[in-house]
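Chain A is the first sequence line, chain B the second, and so forth, proteins listed ahead of strands; every chain is numbered from 1.
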Amino acid sequence: MKIYNSKTRTKEEFIPLEPGKLKLYACGPTVYNYFHIGNARSFIFFDVVRRYFEYLGYDVTYAQNITDIDDKIIEQSISEGKEFSKIADKYVQAFLDDCEALGIKAPTHQPKATDTMPQIIELIHNLQLKGFAYEVNGDVYFDTGALPEYGSLSGKQIEDQLVGARVAENIAKKHPADFTLWKASKPGEPSWQSPWGMGRPGWHTECVVMSRHYLGETFDIHGGGVDLIFPHHENENAQAMALSGKPLARYWMHNGFLNVDGEKMSKSLKNFFTARDILQEYDAEDIRHFFLSKHYRSPIDFTRELMEESHKAMQNLRKSITAFGYDALLETDIPDMEILKLEQSFQAAMDDDFNTAKAIAVIFDLSHKSRSSILDLDIRKQAAAMILKLGKVLGLFSKPTHENSEVTEKLTASLIELFLSYRAQARTDKNWALSDKIRDDLQNLGIDIKDGPEGSKWSLK
RNA sequence: GGCGACAUAGCCAAGUGGUAAGGCAGAGGUCUGCAAAAUCUCCAUCCCCGGUUCAAAUCCGGGUGUCGCCUCCA
(Lines give C-alpha, C1' and ligand atoms only; values in the text may rest on other atoms or scores of the structure.)
Protein backbone atom coordinates (compact mmCIF):
# COMPACT_ATOMS: atom_id res chain seq x y z
CA MET A 1 0.00 0.00 0.00
CA LYS A 2 1.17 3.47 -0.84
CA ILE A 3 0.42 6.53 1.22
CA TYR A 4 1.24 10.13 0.41
CA ASN A 5 3.31 11.41 3.29
CA SER A 6 3.01 15.15 3.78
CA LYS A 7 6.38 15.17 5.45
CA THR A 8 8.29 13.88 2.47
CA ARG A 9 5.76 15.05 -0.09
CA THR A 10 5.88 11.75 -1.86
CA LYS A 11 3.89 8.56 -1.97
CA GLU A 12 5.63 6.01 0.20
CA GLU A 13 5.16 2.31 0.70
CA PHE A 14 3.27 1.89 3.94
CA ILE A 15 4.98 -0.34 6.45
CA PRO A 16 3.34 -0.60 9.86
CA LEU A 17 5.51 -0.41 12.95
CA GLU A 18 4.08 -3.72 14.03
CA PRO A 19 2.92 -6.15 11.35
CA GLY A 20 -0.85 -6.45 11.24
CA LYS A 21 -1.40 -3.48 13.49
CA LEU A 22 -2.25 0.11 12.75
CA LYS A 23 -1.88 2.96 15.19
CA LEU A 24 -3.86 5.88 13.83
CA TYR A 25 -4.45 9.33 15.21
CA ALA A 26 -6.58 12.03 13.64
CA CYS A 27 -7.27 15.43 15.08
CA GLY A 28 -10.74 15.89 16.44
CA PRO A 29 -12.78 19.02 17.03
CA THR A 30 -12.58 21.96 19.35
CA VAL A 31 -16.04 21.92 20.81
CA TYR A 32 -17.19 25.51 20.77
CA ASN A 33 -19.83 25.07 18.10
CA TYR A 34 -21.41 22.52 15.80
CA PHE A 35 -18.87 21.30 13.30
CA HIS A 36 -19.39 22.14 9.67
CA ILE A 37 -19.63 19.94 6.64
CA GLY A 38 -16.02 20.78 5.75
CA ASN A 39 -14.85 19.42 9.09
CA ALA A 40 -16.93 16.36 8.32
CA ARG A 41 -14.77 15.64 5.30
CA SER A 42 -11.81 14.97 7.52
CA PHE A 43 -13.73 12.86 10.02
CA ILE A 44 -15.28 10.82 7.24
CA PHE A 45 -12.03 10.33 5.39
CA PHE A 46 -10.11 9.04 8.37
CA ASP A 47 -13.06 6.84 9.21
CA VAL A 48 -12.58 5.29 5.78
CA VAL A 49 -8.84 4.88 6.39
CA ARG A 50 -9.68 3.05 9.57
CA ARG A 51 -12.34 0.92 7.89
CA TYR A 52 -10.05 -0.02 5.02
CA PHE A 53 -7.29 -1.20 7.32
CA GLU A 54 -9.83 -3.21 9.26
CA TYR A 55 -11.08 -4.70 6.01
CA LEU A 56 -7.50 -5.71 5.26
CA GLY A 57 -7.44 -7.52 8.58
CA TYR A 58 -5.41 -5.04 10.58
CA ASP A 59 -5.90 -4.62 14.27
CA VAL A 60 -6.58 -0.89 14.31
CA THR A 61 -6.21 1.42 17.26
CA TYR A 62 -7.68 4.78 16.37
CA ALA A 63 -7.38 7.72 18.75
CA GLN A 64 -8.92 11.15 18.33
CA ASN A 65 -8.79 14.08 20.68
CA ILE A 66 -11.65 16.26 21.78
CA THR A 67 -10.41 19.73 22.65
CA ASP A 68 -12.76 20.92 25.33
CA ILE A 69 -10.79 23.86 26.66
CA ASP A 70 -9.51 26.77 24.61
CA ASP A 71 -10.04 30.47 23.95
CA LYS A 72 -12.93 29.95 21.55
CA ILE A 73 -14.86 27.90 24.07
CA ILE A 74 -14.34 30.60 26.66
CA GLU A 75 -15.58 33.22 24.19
CA GLN A 76 -18.59 31.09 23.37
CA SER A 77 -19.38 30.58 27.04
CA ILE A 78 -19.41 34.34 27.51
CA SER A 79 -21.65 34.92 24.49
CA GLU A 80 -24.07 32.15 25.50
CA GLY A 81 -23.83 33.25 29.12
CA LYS A 82 -23.06 29.77 30.38
CA GLU A 83 -20.23 28.09 32.17
CA PHE A 84 -17.49 26.92 29.85
CA SER A 85 -17.90 23.29 30.81
CA LYS A 86 -21.60 23.45 29.95
CA ILE A 87 -20.70 24.75 26.50
CA ALA A 88 -18.08 22.07 26.04
CA ASP A 89 -20.42 19.29 27.19
CA LYS A 90 -23.14 20.47 24.86
CA TYR A 91 -20.94 20.50 21.79
CA VAL A 92 -19.12 17.31 22.70
CA GLN A 93 -22.48 15.57 22.68
CA ALA A 94 -23.44 17.29 19.43
CA PHE A 95 -20.14 16.19 17.91
CA LEU A 96 -20.69 12.57 18.92
CA ASP A 97 -24.28 12.62 17.70
CA ASP A 98 -23.42 14.17 14.35
CA CYS A 99 -20.54 11.78 13.77
CA GLU A 100 -22.79 8.84 14.45
CA ALA A 101 -25.37 10.26 12.07
CA LEU A 102 -22.67 10.50 9.42
CA GLY A 103 -21.91 6.82 9.84
CA ILE A 104 -18.54 7.43 11.44
CA LYS A 105 -17.46 4.56 13.65
CA ALA A 106 -16.47 5.65 17.12
CA PRO A 107 -12.68 5.80 17.50
CA THR A 108 -11.06 3.32 19.85
CA HIS A 109 -10.08 6.16 22.16
CA GLN A 110 -11.56 9.63 22.24
CA PRO A 111 -10.05 11.49 25.19
CA LYS A 112 -10.85 15.03 26.24
CA ALA A 113 -8.20 17.59 27.01
CA THR A 114 -9.64 18.37 30.42
CA ASP A 115 -9.39 14.70 31.39
CA THR A 116 -5.72 14.69 30.51
CA MET A 117 -4.58 17.70 32.48
CA PRO A 118 -2.00 16.05 34.79
CA GLN A 119 -0.28 14.41 31.83
CA ILE A 120 -0.28 17.66 29.86
CA ILE A 121 1.33 19.49 32.74
CA GLU A 122 3.85 16.71 33.19
CA LEU A 123 4.81 16.83 29.52
CA ILE A 124 5.31 20.58 29.55
CA HIS A 125 7.35 20.23 32.71
CA ASN A 126 9.54 17.62 31.02
CA LEU A 127 10.08 19.90 28.06
CA GLN A 128 11.17 22.59 30.44
CA LEU A 129 13.58 20.24 32.22
CA LYS A 130 15.11 19.25 28.90
CA GLY A 131 15.63 22.89 28.00
CA PHE A 132 13.01 23.14 25.27
CA ALA A 133 10.58 25.36 27.13
CA TYR A 134 10.78 28.56 29.09
CA GLU A 135 8.44 30.43 31.35
CA VAL A 136 7.58 34.11 31.20
CA ASN A 137 5.12 35.45 33.77
CA GLY A 138 3.14 32.23 34.09
CA ASP A 139 3.12 31.53 30.36
CA VAL A 140 5.25 28.69 29.06
CA TYR A 141 6.61 28.71 25.51
CA PHE A 142 8.26 26.08 23.40
CA ASP A 143 11.74 27.21 22.40
CA THR A 144 11.82 26.50 18.68
CA GLY A 145 15.40 27.72 18.50
CA ALA A 146 16.46 24.80 20.67
CA LEU A 147 15.26 22.24 18.14
CA PRO A 148 17.22 22.15 14.88
CA GLU A 149 14.53 20.02 13.21
CA TYR A 150 11.84 22.63 13.77
CA GLY A 151 10.06 23.20 10.45
CA SER A 152 10.99 19.83 8.99
CA LEU A 153 7.43 18.57 8.79
CA SER A 154 5.90 21.54 7.04
CA GLY A 155 9.01 22.36 5.02
CA LYS A 156 9.14 25.86 6.38
CA GLN A 157 12.32 27.83 6.75
CA ILE A 158 11.51 29.72 9.87
CA GLU A 159 13.73 32.65 8.96
CA ASP A 160 11.90 33.06 5.64
CA GLN A 161 8.63 33.35 7.44
CA LEU A 162 9.61 36.41 9.35
CA VAL A 163 9.45 38.85 6.48
CA GLY A 164 5.80 38.55 5.62
CA ALA A 165 4.56 36.88 8.74
CA ARG A 166 1.44 38.34 10.20
CA VAL A 167 2.28 36.97 13.60
CA ALA A 168 1.40 39.45 16.26
CA GLU A 169 4.41 40.85 18.03
CA ASN A 170 4.88 39.20 21.37
CA ILE A 171 7.84 40.63 23.19
CA ALA A 172 7.77 37.91 25.81
CA LYS A 173 8.72 35.26 23.27
CA LYS A 174 12.37 34.68 22.43
CA HIS A 175 11.44 33.97 18.84
CA PRO A 176 8.21 34.74 16.97
CA ALA A 177 7.83 31.07 16.03
CA ASP A 178 7.84 29.97 19.66
CA PHE A 179 4.43 28.69 20.64
CA THR A 180 2.41 28.57 23.81
CA LEU A 181 2.46 25.37 25.83
CA TRP A 182 0.80 26.77 28.90
CA LYS A 183 -1.21 29.95 29.18
CA ALA A 184 -1.67 31.82 32.46
CA SER A 185 -5.35 32.40 33.11
CA LYS A 186 -7.02 35.70 33.69
CA PRO A 187 -9.38 36.08 36.64
CA GLY A 188 -12.68 34.29 36.06
CA GLU A 189 -11.33 32.02 33.36
CA PRO A 190 -11.29 28.26 33.78
CA SER A 191 -7.90 27.23 35.10
CA TRP A 192 -5.84 24.40 36.47
CA GLN A 193 -3.10 24.36 39.08
CA SER A 194 0.37 23.99 37.62
CA PRO A 195 4.04 24.58 38.52
CA TRP A 196 3.68 27.93 36.74
CA GLY A 197 0.54 29.00 38.55
CA MET A 198 -3.09 28.80 37.50
CA GLY A 199 -3.61 28.41 33.78
CA ARG A 200 -4.66 26.25 30.89
CA PRO A 201 -2.82 24.30 28.21
CA GLY A 202 -2.00 25.58 24.76
CA TRP A 203 -3.58 23.78 21.86
CA HIS A 204 -0.60 21.80 20.61
CA THR A 205 0.25 19.73 23.65
CA GLU A 206 -2.84 17.64 24.28
CA CYS A 207 -2.53 15.75 21.00
CA VAL A 208 1.03 14.81 21.82
CA VAL A 209 0.06 13.55 25.24
CA MET A 210 -2.95 11.62 24.05
CA SER A 211 -1.44 10.09 20.97
CA ARG A 212 1.68 8.93 22.77
CA HIS A 213 -0.39 7.58 25.62
CA TYR A 214 -2.72 5.50 23.49
CA LEU A 215 -0.53 4.72 20.52
CA GLY A 216 3.08 4.85 21.67
CA GLU A 217 6.03 7.19 21.35
CA THR A 218 5.95 6.96 17.59
CA PHE A 219 2.86 5.69 15.81
CA ASP A 220 1.91 4.91 12.23
CA ILE A 221 -0.38 7.59 10.84
CA HIS A 222 -1.26 11.05 12.00
CA GLY A 223 -3.95 12.86 10.10
CA GLY A 224 -6.02 15.98 9.80
CA GLY A 225 -6.86 18.81 7.43
CA VAL A 226 -4.08 20.46 5.43
CA ASP A 227 -4.36 23.57 7.52
CA LEU A 228 -3.05 21.60 10.46
CA ILE A 229 0.34 20.90 8.94
CA PHE A 230 1.52 24.23 10.16
CA PRO A 231 1.59 25.15 12.88
CA HIS A 232 -0.36 22.45 14.70
CA HIS A 233 1.31 19.27 13.52
CA GLU A 234 4.69 20.92 13.20
CA ASN A 235 4.38 21.92 16.83
CA GLU A 236 3.19 18.51 17.91
CA ASN A 237 6.07 16.86 16.19
CA ALA A 238 8.50 19.38 17.69
CA GLN A 239 7.42 18.41 21.17
CA ALA A 240 7.82 14.72 20.42
CA MET A 241 11.27 15.28 18.90
CA ALA A 242 12.28 17.34 21.89
CA LEU A 243 11.13 14.69 24.33
CA SER A 244 12.52 11.56 22.74
CA GLY A 245 14.40 12.52 19.62
CA LYS A 246 11.87 10.47 17.69
CA PRO A 247 9.14 11.77 15.38
CA LEU A 248 5.57 11.57 16.61
CA ALA A 249 4.30 9.70 13.59
CA ARG A 250 5.76 7.98 10.55
CA TYR A 251 3.16 8.97 8.00
CA TRP A 252 1.40 12.31 7.99
CA MET A 253 -1.81 12.44 5.99
CA HIS A 254 -3.72 15.63 5.26
CA ASN A 255 -7.03 16.00 3.51
CA GLY A 256 -7.90 18.93 1.26
CA PHE A 257 -10.54 21.49 1.99
CA LEU A 258 -14.16 21.77 1.21
CA ASN A 259 -14.69 25.00 -0.68
CA VAL A 260 -17.66 27.24 -1.17
CA ASP A 261 -17.57 29.26 -4.37
CA GLY A 262 -13.91 28.38 -4.75
CA GLU A 263 -13.02 29.52 -1.26
CA LYS A 264 -12.19 27.43 1.75
CA MET A 265 -15.18 26.75 3.98
CA SER A 266 -14.20 27.96 7.39
CA LYS A 267 -15.69 29.12 10.59
CA SER A 268 -13.79 32.39 10.45
CA LEU A 269 -15.05 33.19 6.93
CA LYS A 270 -18.55 32.31 8.06
CA ASN A 271 -19.26 30.62 4.75
CA PHE A 272 -20.07 27.28 6.30
CA PHE A 273 -23.00 24.93 6.65
CA THR A 274 -23.11 22.76 9.74
CA ALA A 275 -23.03 19.02 9.19
CA ARG A 276 -26.15 18.95 11.34
CA ASP A 277 -28.06 21.10 8.86
CA ILE A 278 -26.86 19.26 5.80
CA LEU A 279 -27.89 15.99 7.41
CA GLN A 280 -31.41 17.34 7.48
CA GLU A 281 -31.32 17.68 3.72
CA TYR A 282 -29.32 14.70 2.60
CA ASP A 283 -28.79 11.11 3.57
CA ALA A 284 -25.51 10.58 5.40
CA GLU A 285 -24.35 8.08 2.83
CA ASP A 286 -25.06 10.49 0.00
CA ILE A 287 -22.80 12.93 1.82
CA ARG A 288 -20.12 10.29 2.16
CA HIS A 289 -20.41 9.50 -1.53
CA PHE A 290 -20.04 13.19 -2.31
CA PHE A 291 -16.73 13.34 -0.47
CA LEU A 292 -15.40 9.96 -1.50
CA SER A 293 -16.05 10.45 -5.20
CA LYS A 294 -13.06 12.78 -5.23
CA HIS A 295 -9.52 12.18 -4.06
CA TYR A 296 -9.03 13.16 -0.44
CA ARG A 297 -6.18 15.58 -1.09
CA SER A 298 -8.03 17.61 -3.72
CA PRO A 299 -10.16 20.58 -2.86
CA ILE A 300 -13.90 20.05 -3.37
CA ASP A 301 -16.52 22.64 -4.08
CA PHE A 302 -19.67 22.20 -2.06
CA THR A 303 -22.84 22.79 -4.06
CA ARG A 304 -26.39 21.48 -3.88
CA GLU A 305 -26.14 20.40 -7.51
CA LEU A 306 -23.24 18.10 -6.73
CA MET A 307 -25.01 16.78 -3.66
CA GLU A 308 -27.97 15.96 -5.90
CA GLU A 309 -25.68 14.13 -8.28
CA SER A 310 -24.32 12.07 -5.43
CA HIS A 311 -27.82 11.32 -4.28
CA LYS A 312 -28.79 10.09 -7.74
CA ALA A 313 -25.65 8.01 -8.05
CA MET A 314 -26.34 6.42 -4.68
CA GLN A 315 -29.98 5.76 -5.51
CA ASN A 316 -28.77 3.95 -8.57
CA LEU A 317 -26.51 1.69 -6.53
CA ARG A 318 -29.22 1.15 -3.94
CA LYS A 319 -31.45 -0.25 -6.65
CA SER A 320 -28.87 -2.91 -7.41
CA ILE A 321 -29.01 -3.95 -3.79
CA THR A 322 -32.74 -3.82 -3.24
CA ALA A 323 -33.20 -5.90 -6.39
CA PHE A 324 -31.84 -8.86 -4.44
CA GLY A 325 -32.66 -7.84 -0.91
CA TYR A 326 -30.25 -6.56 1.68
CA ASP A 327 -30.34 -9.51 4.04
CA ALA A 328 -30.12 -12.05 1.27
CA LEU A 329 -26.97 -10.38 -0.04
CA LEU A 330 -25.35 -10.42 3.38
CA GLU A 331 -25.49 -14.22 3.27
CA THR A 332 -24.36 -14.61 -0.31
CA ASP A 333 -21.06 -16.35 -0.94
CA ILE A 334 -18.93 -14.87 -3.68
CA PRO A 335 -16.80 -17.51 -5.38
CA ASP A 336 -16.94 -16.07 -8.89
CA MET A 337 -13.48 -15.24 -10.23
CA GLU A 338 -14.57 -12.26 -12.32
CA ILE A 339 -16.19 -10.65 -9.35
CA LEU A 340 -13.27 -11.41 -7.07
CA LYS A 341 -11.10 -9.75 -9.68
CA LEU A 342 -13.15 -6.60 -9.27
CA GLU A 343 -12.60 -6.78 -5.55
CA GLN A 344 -8.90 -6.78 -6.31
CA SER A 345 -9.34 -3.71 -8.48
CA PHE A 346 -11.05 -2.04 -5.56
CA GLN A 347 -8.15 -2.93 -3.32
CA ALA A 348 -5.62 -1.74 -5.86
CA ALA A 349 -7.39 1.61 -5.96
CA MET A 350 -7.50 1.92 -2.21
CA ASP A 351 -3.90 0.76 -1.90
CA ASP A 352 -2.89 3.67 -4.09
CA ASP A 353 -3.15 6.40 -1.48
CA PHE A 354 -6.85 5.78 -0.89
CA ASN A 355 -8.12 6.45 -4.37
CA THR A 356 -11.74 6.31 -3.33
CA ALA A 357 -12.94 7.84 -6.61
CA LYS A 358 -11.53 4.90 -8.50
CA ALA A 359 -12.82 2.52 -5.87
CA ILE A 360 -16.33 3.84 -6.38
CA ALA A 361 -15.96 3.37 -10.12
CA VAL A 362 -15.33 -0.32 -9.40
CA ILE A 363 -18.53 -0.43 -7.40
CA PHE A 364 -20.38 0.93 -10.41
CA ASP A 365 -18.81 -1.78 -12.56
CA LEU A 366 -20.25 -4.29 -10.11
CA SER A 367 -23.57 -2.55 -10.32
CA HIS A 368 -23.62 -3.00 -14.08
CA LYS A 369 -22.77 -6.65 -13.70
CA SER A 370 -25.54 -7.12 -11.18
CA ARG A 371 -28.05 -5.89 -13.75
CA SER A 372 -26.61 -7.30 -16.91
CA SER A 373 -29.23 -9.50 -18.56
CA ILE A 374 -26.61 -11.62 -20.30
CA LEU A 375 -25.23 -12.91 -16.98
CA ASP A 376 -26.57 -15.72 -14.80
CA LEU A 377 -28.78 -14.64 -11.98
CA ASP A 378 -26.37 -16.17 -9.50
CA ILE A 379 -23.44 -14.15 -10.85
CA ARG A 380 -25.54 -11.01 -10.76
CA LYS A 381 -26.43 -11.69 -7.19
CA GLN A 382 -22.79 -12.16 -6.29
CA ALA A 383 -21.99 -8.84 -7.93
CA ALA A 384 -24.62 -7.15 -5.82
CA ALA A 385 -23.28 -8.86 -2.72
CA MET A 386 -19.83 -7.53 -3.54
CA ILE A 387 -21.25 -4.01 -3.80
CA LEU A 388 -22.43 -4.40 -0.26
CA LYS A 389 -19.14 -5.80 0.94
CA LEU A 390 -17.01 -3.08 -0.63
CA GLY A 391 -19.49 -0.33 0.10
CA LYS A 392 -19.12 -1.04 3.77
CA VAL A 393 -15.43 -0.27 3.56
CA LEU A 394 -16.46 3.23 2.51
CA GLY A 395 -19.24 3.36 5.06
CA LEU A 396 -21.88 3.00 2.38
CA PHE A 397 -24.88 0.65 2.44
CA SER A 398 -24.26 0.04 6.11
CA LYS A 399 -27.97 -0.29 6.65
CA PRO A 400 -30.86 -1.41 4.49
CA THR A 401 -31.73 2.15 3.55
CA HIS A 402 -35.18 2.79 2.25
CA GLU A 403 -36.22 -0.82 2.65
CA ASN A 404 -37.89 -1.30 5.99
CA SER A 405 -37.95 2.28 7.01
CA GLU A 406 -40.65 4.69 8.00
CA VAL A 407 -40.74 5.57 4.33
CA THR A 408 -42.07 2.12 3.57
CA GLU A 409 -44.66 2.35 6.29
CA LYS A 410 -45.92 5.68 5.04
CA LEU A 411 -45.98 4.31 1.56
CA THR A 412 -48.06 1.32 2.64
CA ALA A 413 -50.61 3.61 4.25
CA SER A 414 -50.87 5.78 1.16
CA LEU A 415 -51.26 2.73 -1.03
CA ILE A 416 -54.13 1.40 1.01
CA GLU A 417 -55.78 4.81 0.94
CA LEU A 418 -55.34 4.78 -2.80
CA PHE A 419 -57.13 1.44 -3.13
CA LEU A 420 -59.91 2.67 -0.89
CA SER A 421 -60.40 5.67 -3.13
CA TYR A 422 -60.81 3.36 -6.14
CA ARG A 423 -63.27 1.30 -4.15
CA ALA A 424 -65.19 4.43 -3.19
CA GLN A 425 -65.43 5.29 -6.88
CA ALA A 426 -66.65 1.78 -7.67
CA ARG A 427 -69.32 2.08 -4.97
CA THR A 428 -70.44 5.42 -6.36
CA ASP A 429 -70.70 3.74 -9.76
CA LYS A 430 -72.61 0.89 -8.06
CA ASN A 431 -69.95 -1.44 -9.43
CA TRP A 432 -70.40 -3.80 -6.52
CA ALA A 433 -68.44 -6.64 -8.06
CA LEU A 434 -65.29 -4.52 -8.27
CA SER A 435 -65.90 -2.90 -4.91
CA ASP A 436 -66.26 -6.28 -3.20
CA LYS A 437 -63.25 -7.67 -5.00
CA ILE A 438 -61.09 -4.83 -3.72
CA ARG A 439 -62.32 -5.41 -0.17
CA ASP A 440 -61.74 -9.16 -0.36
CA ASP A 441 -58.33 -8.80 -1.91
CA LEU A 442 -57.24 -6.32 0.75
CA GLN A 443 -58.64 -8.61 3.40
CA ASN A 444 -56.58 -11.47 2.00
CA LEU A 445 -53.52 -9.26 2.46
CA GLY A 446 -54.41 -8.80 6.10
CA ILE A 447 -56.19 -5.50 5.86
CA ASP A 448 -59.63 -5.12 7.40
CA ILE A 449 -62.08 -2.73 5.78
CA LYS A 450 -65.05 -1.26 7.63
CA ASP A 451 -67.54 0.97 5.84
CA GLY A 452 -69.20 3.74 7.77
CA PRO A 453 -71.10 6.97 7.21
CA GLU A 454 -67.82 8.93 7.02
CA GLY A 455 -66.32 6.58 4.49
CA SER A 456 -64.18 3.47 4.79
CA LYS A 457 -61.65 2.80 7.50
CA TRP A 458 -58.89 0.27 7.43
CA SER A 459 -56.83 -1.54 10.00
CA LEU A 460 -54.27 -4.29 9.99
CA LYS A 461 -55.47 -7.65 11.25
C1' G B 1 7.92 38.00 0.47
C1' G B 2 8.58 32.38 1.56
C1' C B 3 6.40 27.51 0.75
C1' G B 4 2.85 24.40 -1.72
C1' A B 5 -1.34 22.46 -4.66
C1' C B 6 -4.30 22.36 -8.83
C1' A B 7 -5.90 23.24 -14.37
C1' U B 8 -8.95 16.44 -18.13
C1' A B 9 -15.99 16.28 -22.04
C1' G B 10 -22.03 20.58 -20.47
C1' C B 11 -21.02 19.57 -14.95
C1' C B 12 -18.26 16.37 -11.22
C1' A B 13 -14.00 13.27 -11.53
C1' A B 14 -9.94 8.98 -12.06
C1' G B 15 -5.65 8.51 -14.80
C1' U B 16 2.78 9.89 -13.47
C1' G B 17 5.33 7.40 -20.91
C1' G B 18 2.19 3.63 -25.14
C1' U B 19 -3.09 6.61 -28.41
C1' A B 20 -8.43 9.01 -22.19
C1' A B 21 -12.10 4.88 -15.71
C1' G B 22 -16.60 6.16 -13.44
C1' G B 23 -20.87 9.41 -12.06
C1' C B 24 -24.64 13.28 -13.41
C1' A B 25 -26.79 15.43 -17.70
C1' G B 26 -27.59 14.52 -23.15
C1' A B 27 -28.45 11.47 -27.96
C1' G B 28 -29.97 6.89 -30.32
C1' G B 29 -31.70 1.49 -30.26
C1' U B 30 -34.58 -2.41 -27.57
C1' C B 31 -38.77 -2.96 -24.56
C1' U B 32 -43.68 -0.60 -24.10
C1' G B 33 -51.21 0.74 -25.53
C1' C B 34 -48.97 5.80 -23.81
C1' A B 35 -45.48 7.46 -20.26
C1' A B 36 -41.89 6.00 -16.88
C1' A B 37 -38.47 2.35 -15.44
C1' A B 38 -34.96 -1.11 -17.15
C1' U B 39 -31.30 -2.47 -20.70
C1' C B 40 -27.74 -1.75 -24.87
C1' U B 41 -24.90 1.80 -27.61
C1' C B 42 -22.80 6.72 -28.46
C1' C B 43 -20.54 11.42 -26.72
C1' A B 44 -13.22 14.57 -24.83
C1' U B 45 -6.90 14.06 -27.15
C1' C B 46 -6.41 16.38 -21.70
C1' C B 47 -5.16 25.60 -20.09
C1' C B 48 -1.18 27.96 -23.61
C1' C B 49 3.96 27.88 -25.76
C1' G B 50 8.53 25.31 -26.29
C1' G B 51 11.62 20.90 -25.23
C1' U B 52 12.99 15.47 -24.20
C1' U B 53 11.30 10.70 -26.40
C1' C B 54 9.89 5.87 -31.40
C1' A B 55 5.82 7.40 -28.10
C1' A B 56 3.40 12.53 -23.13
C1' A B 57 -2.72 14.26 -20.24
C1' U B 58 1.44 11.86 -17.92
C1' C B 59 8.73 14.07 -17.87
C1' C B 60 11.50 19.12 -18.30
C1' G B 61 11.43 24.65 -19.07
C1' G B 62 8.50 29.09 -19.64
C1' G B 63 3.69 31.36 -19.44
C1' U B 64 -1.60 32.12 -17.91
C1' G B 65 -5.36 31.17 -14.35
C1' U B 66 -7.43 29.36 -9.64
C1' C B 67 -6.70 27.96 -4.65
C1' G B 68 -4.18 26.98 0.03
C1' C B 69 -0.46 27.52 4.20
C1' C B 70 2.83 31.16 6.63
C1' U B 71 -2.83 33.81 12.22
C1' C B 72 -7.66 30.28 15.26
C1' C B 73 -9.13 26.75 11.49
C1' A B 74 -10.54 19.71 9.14
State the pairing partner of [N]; accept Watson-Crick or G-U wobble contacts with both distances under 3.5 Å, and report none otherwise.
N      : result
B:rG17 : none
B:rU71 : none
B:rA27 : B:rU41
B:rA57 : none
B:rC47 : B:rG63
B:rG33 : none

Nearest-Å distance, [atom1] ([X]) to [atom2] ([N])?
X        : N      : atom1 : atom2 : answer
A:Ile229 : B:rC69 : CD1   : P     : 11 Å
A:Asp227 : B:rC3  : CG    : P     : 21 Å
A:Asp301 : B:rA5  : CG    : P     : 21 Å
A:His295 : B:rC6  : NE2   : P     : 10 Å
A:Asn259 : B:rC12 : CG    : C1'   : 14 Å
A:Arg9   : B:rU16 : CZ    : P     : 21 Å
A:His232 : B:rG68 : NE2   : C1'   : 18 Å
A:Lys270 : B:rC72 : NZ    : C1'   : 12 Å

Which is true for [X] with a 4.0 Å heavy-atom rule: it touches a base, it touches only sugar-phosphate, or it touches nothing?
X        : result
A:Gly38  : base
A:Leu228 : sugar-phosphate
A:Gly256 : base
A:Phe257 : base
A:Asp70  : nothing
A:Leu258 : base
A:Lys264 : base
A:Glu308 : nothing
A:Asn355 : sugar-phosphate

Has [X] got its NZ or CZ under 6.0 Å from the middle of the six-membered ring of [Y], at an angle within 45 degrees of the ring axis?
X        : Y        : value
A:Lys7   : A:Tyr251 : no
A:Lys381 : A:Phe324 : no
A:Lys392 : A:Tyr55  : no
A:Arg41  : A:Tyr296 : no
A:Lys267 : A:Tyr32  : yes
A:Arg304 : A:Phe273 : yes

Measure from the side-chain heavy atoms of [X] and tell me the nearest of [options].
X        : options                : answer
A:Lys358 : B:rC69, B:rC24, B:rA14 : B:rA14
A:Lys294 : B:rA21, B:rC12, B:rU39 : B:rC12
A:Ala357 : B:rA14, B:rG23, B:rC72 : B:rA14
A:Arg371 : B:rU39, B:rG68, B:rC70 : B:rU39
A:Pro231 : B:rC70, B:rA13, B:rG22 : B:rC70
A:Leu306 : B:rC12, B:rG68, B:rG23 : B:rC12
A:Glu309 : B:rC12, B:rA21, B:rC40 : B:rC12
A:Lys319 : B:rA37, B:rU39, B:rA14 : B:rA37
A:Ser268 : B:rC72, B:rC69, B:rG15 : B:rC72

Between [N] and [M], how far is it from one [atom1] atom to the other, in whole Å?
N      : M      : atom1 : value
B:rC11 : B:rU64 : C1'   : 23 Å
B:rC12 : B:rU19 : P     : 27 Å
B:rG15 : B:rU52 : P     : 29 Å
B:rA9  : B:rA57 : P     : 14 Å
B:rG63 : B:rU71 : C1'   : 32 Å
B:rC43 : B:rG22 : P     : 11 Å
B:rU8  : B:rC47 : C1'   : 10 Å
B:rU58 : B:rG68 : C1'   : 24 Å

Counting only side-chain nitrogens and oxygens, does A:Ser298 get under 4.0 Å of the OP1 or OP2 atom of B:rA14? yes

Side-chain N or O of A:His368 versus OP1/OP2 of B:rG23: is the shortest distance under 4.0 Å? yes

Suppose we call a contact any N or O donor and acceptor under 3.5 Å apart; does that hold for the side chain of [X] and the base of [N]?
X        : N      : result
A:Lys267 : B:rC72 : no
A:Ser293 : B:rC12 : no
A:Lys72  : B:rC72 : yes

So how far is it from A:Met314 CE to A:Ile363 CD1, rounded to the nearest 0.5 Å?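 It is 8.5 Å, given to the nearest 0.5 Å.
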
Start at the 5' end of RNA chain B and walk down; is the nucleotide closest to A:Tyr296 or to A:Phe364 reached first? A:Tyr296

Per nearest nucleotide of RNA chain B, the residue lying toward the 5' end, A:Asp365 or A:Lys11, is A:Lys11

Could you tell me whether the side chain of A:Ile221 reaches within less than 4.5 Å of the side chain of A:Tyr25, counting heavy atoms only?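 No - every pair of side-chain heavy atoms lies 4.5 Å or more apart.
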
Can you confirm whether or not the ring centre of A:His233 sits under 6.0 Å from the ring centre of A:His254? yes

Distance-minimising heavy-atom pair for A:Lys294 and A:Thr356: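 Looking at all heavy atoms of both residues, the closest pair is O-OG1, 3.4 Å.
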
